Amino acid sequence: MSALRFSESVSARLEDGVLLVTIDNPPVNALSAHVRTGLAAALNHAAGTVEIAGVVLTGAGRAFIGGADIREFGKPPVEPSLPDVVGRIEAFDKPVICAVNGVALGGGCEVALACHGRIAVETAAFGLPEVKLGIVPGAGGTQRLPRLVGTLAAIDLIGTGRTVKSLDAMALGLADAVSAHPVATAASLVRQVAGQPLRRTGSLDVPPVDDDALDAAAAKVLAKSRGQSAPAEAIRLVRAAGGVDLEAGLAEERATFLRLRDSTESAALRHVFFAERAAGKVEQLEGITPRRIETVGIVGTGLMGSGIAVAALTSGHRVIGLEQTPEAAAAGMGRIAGLLDKAVQSKRLTAAALDACLARLETTADASALAAADLVIEAVFDDLAVKTDLFRRLDGIVRPDAILATNTSYLDPDAIADATTDPRRVLGLHFFSPAHIMRLVEVVDCAKTAPDVLVSALAFVKRLGKLPIVSGVTEGFIGNRIFSAYRREAEFMVEDGAEPQAVDAAMEAYGFPMGIFAVNDMAGLEIAWARRKRQAATRSPDERYVEIADRLCEAGRLGRKTGRGWYAYPDGVRTIDPNVTAIIDAARAAKGIVPRNFTAEEITDRLLKAMVDEGAALLAEGIAARPGDIDLVMINGYGFPAHKGGPMFAAGRHEERTA
Ligand code: T1G
C-alpha cells in the first residue's frame, strides 16, 4: 500500500490492485480546477500501470462531491473541463466505481453517472440542483440520467433540482447498492468486473415512454417554475436524449449550459446562493460561543405560537407552551398536534418523529414551568402594554441566563426589553406566518442585546432549518419597512390612474406569486388601517397620503375574510369590483387628479425603485448589514422572485443595462 498524490486535492493509495482515489477539497469537494487536474492525472496513472485493475472514487469528509465550483463561474475556463473528465471516466478501459460517501450534487452526480457502478452510504444523496442556480447540468446529466432512470424520473429530478437519498436513488436505478463501507464494497466490485465488458451509462438506450406521460411530467414541473427558464430548458434536453446520439445530446447540453450560465437569471440565483451562506454571519461576533438552547418556552399558542412550536419540536427542541388558562393550554396542545399531524400527512414528518415531538411537548397555564426554558419566545397579541407587562413577569420566572425573545412585528422591542431588569438578554425573533413553513426569521438586534445572546439566537434559528437575517430596530424591521414603501408607491400610482388589477398584473408578470393588492386582501386590511389611525396625529400635512384603503375599510371591505377588499371574491375567485373602481374614482376626483395611463414597465420600475430606495435607507441607517440580506428578506418573506435576485440585485442589473 503506497500513498500517491495527483494534485493538491486528489490523492490515492493502491490496495490489492485497486486505486482508491480520494477527493479532499473542503468544504464540499467542489470540482475546482485542481480537482479536475488531479482526477485526470489519477486516470492517467491507472491507465499506465498494469497492476491496477480499476479505480474507486470517493470524497473526504461529509460530501462526495458538491458539484462544480460555483466560485469559478464567470472566470476564464481552466482545462481539463468537467465534461472532458466525465467523458474520460465513462470511456475508461478499466472499471471506475464511485463510493458515494455523502452528497453527490450537480457535477458530482454527473461524475457518479459516468462511473461504471455507484455504491452509496445510506445517508448519501444524489441530485442535479442546477436549475436552482438558473442553469442546466453541464457535464452530461441531462443525457445520462434518463438512460439510467428513465425520462420521467429524469424530468422530475432535473426539472425540480430536488435531491434523493440513497435508498430512493437505488429504487430509481441511480445507485446500484447501499453499503455501510462503500469504499470496500466498491473495491470488491472493481475486482469482480475487471476484464469484463463495462456498463457504460452513455451506451444504454433511453427506455421509451409515451408522449402524454412526458407532457404531464413536464407540466407538473413547469407549473412550479414560474417565469424561470432553466427548468424548461432542462426538460427540453432530457426529452431530446431519447432521440439523438450521446455526442449530439452532450453538445446541445453544453451549449445550453454556457448560454444559461451567462444569463441574468443564473447570476441572480448564484447571488441568492451566496447571500444565503453569508446570512446570519456577523463578523464582530466570530468566535463567540452560543448558549445551549434545548428547551424553548413559547408564550401564546395561537396561530403564530403553534407554528413556532412545531418548528422548534421538529428540530429536536423541548417545548413548553404557556397559556392563560388550562382550557387555552389544552387548545394550544390541540393546535400544535394538529399541525404535526398535517406534517405527517404531507410526508414532511414520519410517524415515529411525530411521537418523539409530542413526547417533548407540554402546554400549561402555570408560568413557573418556564423556569426550565433556555429561551422564551413571546407570541401574544401585538400590544405594547400587554408585552411589556409580560416581559416584566417573565423576568422574575426564567433563569438569569435564559434568553427572552419577542415576536413583535411593529412594536419597539427596545421598549419591551427595557421592561426587564436585564435587557441584555432580550432580542426580537420575527417569524413569518405560517411559522412552521416560512423560512425567514428576522433576528432583531436590540440596543442592549448582548453579543452572545445574538449569536445564540442565530444558531437557534439555523437549527430550526430557517434563514436568520439580522435587523436593527426600526418600525417594521427590514421587511415591513420595504413592504410599506412598496405599498405606498403602489397606492400613489393607483391614485394617479393605475388600476389595482393593473398594478397586481404587472408584479405578477414580473414574478411575484401575487400582486400587492391581492396580498393585502389575503392578509387583511385592518392591521394597517389601525396603524394609519395611530400615526394620523403625527403625520405631516405635507406628506402625500392616499385615502383609498381607509375608504375600503370604512365600507367593511377588510379583505378576503370579509369576502371583499381591493377585489371581490365570488366563489373565492379574485374579481374586479365596480364598487372599488367607484371608490378610487371618487378619491381621485376629490383631489382633482386626472387619471393617466401607466404601462406595466413603469409600474414595475417604480415599485422596484421604491423598494430599492427604502433598502438603501436601511443600509445607510445600519438596520440591514448587506444588500444581500435585504434581497433574502424580500424573496423569503414577501414573494420577490428568487430568479430576479431580490430588489437590490435587480436594481444593480438594471443600472448596468441602462448605463
Ligand atoms: N461550489 C463552491 N462552494 C460551495 C459549493 C459549490 N458547488 N457548494 C457549497 N459551497 C460552499 C458554501 O458557499 C459554503 O461556503 C460551504 O461550501 C458550506 O456550504 C457542470 C454546473 C453541498 C449540500 O448547487 O447544496 O455542478 O459559506 O453552508 O449545509 O453540471 O452547500 O462556508 O464559505 O451550504 O453542509 C451544483 C450547492 C453546482 C450544490 C452542503 N451544486 N451546495 O450544505 O453547507 S453547478 C450545487 C449545496 C454544477 C455541473 C454544474 C450545499 C451542500 P462558506 P453550506 P451544507
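In listed order, ligands and their atoms are each counted from 1. Any value given below was found using the heavy atoms of this structure, including those in side chains, with hydrogens, waters and symmetry copies removed. Treat the numbers as computed from the prediction; the structure is a model and nothing was measured.
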ask   = Does the Arg200 side chain pair with the main chain of Glu90, one donor and one acceptor, at a distance under 3.5 Å?
value = yes
inquiry  = Within 45 degrees of the ring normal and closer than 6.0 Å to the centroid, is that where the cationic atom of Lys644 sits relative to Tyr510?
reply    = yes
note = Counting heavy atoms under 4.0 Å, the part of Leu133 that contacts ligand 1 is side chain
request  = Evaluate the 4.0 Å heavy atom contact test for atom 29 (O) of ligand 1: does a protein atom fall under the cut-off?
outcome  = no
key: Region of Ala68 engaging ligand 1 - heavy atom pairs below 4.0 Å   = both
request  = Decide whether an N or O pair under 3.5 Å exists between Pro27 and ligand 1.
outcome  = no
key: side-chain hydrogen bond (donor to acceptor under 3.5 Å, both in side chains) between Asp24 and Ser9, worked out   = CA-CA 5 Å; Asp24 189 1; Ser9 52; over 6 Å; no
key: 4.0 Å heavy-atom contact, Glu276 with ligand 1   = no
query = Angle class for the Tyr638/Phe432 ring planes (parallel below 30°, perpendicular above 60°, tilted otherwise)?
reply = perpendicular
key: Geometric cation-pi criterion, Arg71 with Phe73: 6.0 Å, 45°   = no
message = Please determine whether any non-hydrogen atom of Pro129 lies less than 4.0 Å from an atom of ligand 1.
response = yes
key: Test applied, side-chain contact (heavy atoms from CB on, under 4.5 Å); reference residue, Val238; option that passes from Leu145, Val206, Leu128, Ile155   = Ile155
query = Short check: is a protein heavy atom less than 4.0 Å from atom 44 (O) of ligand 1?
reply = no
message = Below a 4.0 angstrom heavy-atom separation, can you tell me which part of Lys281, side chain or backbone, both or neither, approaches ligand 1?
response = side chain
ask   = Would you say Phe273 has any N or O atom under 3.5 Å from an N or O of ligand 1, going by distance alone?
value = no
ask   = atom 51 (C) of ligand 1: which protein heavy atom is closest, and how many Å away?
value = Arg277 NH2, 3.9 Å
ask   = Between Arg270 and Ser266, does any side-chain donor sit less than 3.5 Å from a side-chain acceptor?
value = yes
task = Hey, can you tell me if Phe6 and His45 have their rings parallel, tilted or perpendicular (30° and 60° cut-offs)?
result = tilted
query = Protein heavy-atom contact under 4.0 Å for atom 41 (N) of ligand 1?
reply = yes
message = For the residue pair Asp631 / His271, report whether a side-chain donor-acceptor contact shorter than 3.5 Å exists.
response = yes
request  = If you have a sec, work out which protein heavy atom is nearest atom 9 (C) of ligand 1 and how many Å separate them, to one decimal?
outcome  = Val28 CG2, 3.6 Å
request  = For ligand 1, note which part of Arg261 has a heavy atom under 4.0 Å away: side chain, backbone, both or neither.
outcome  = neither
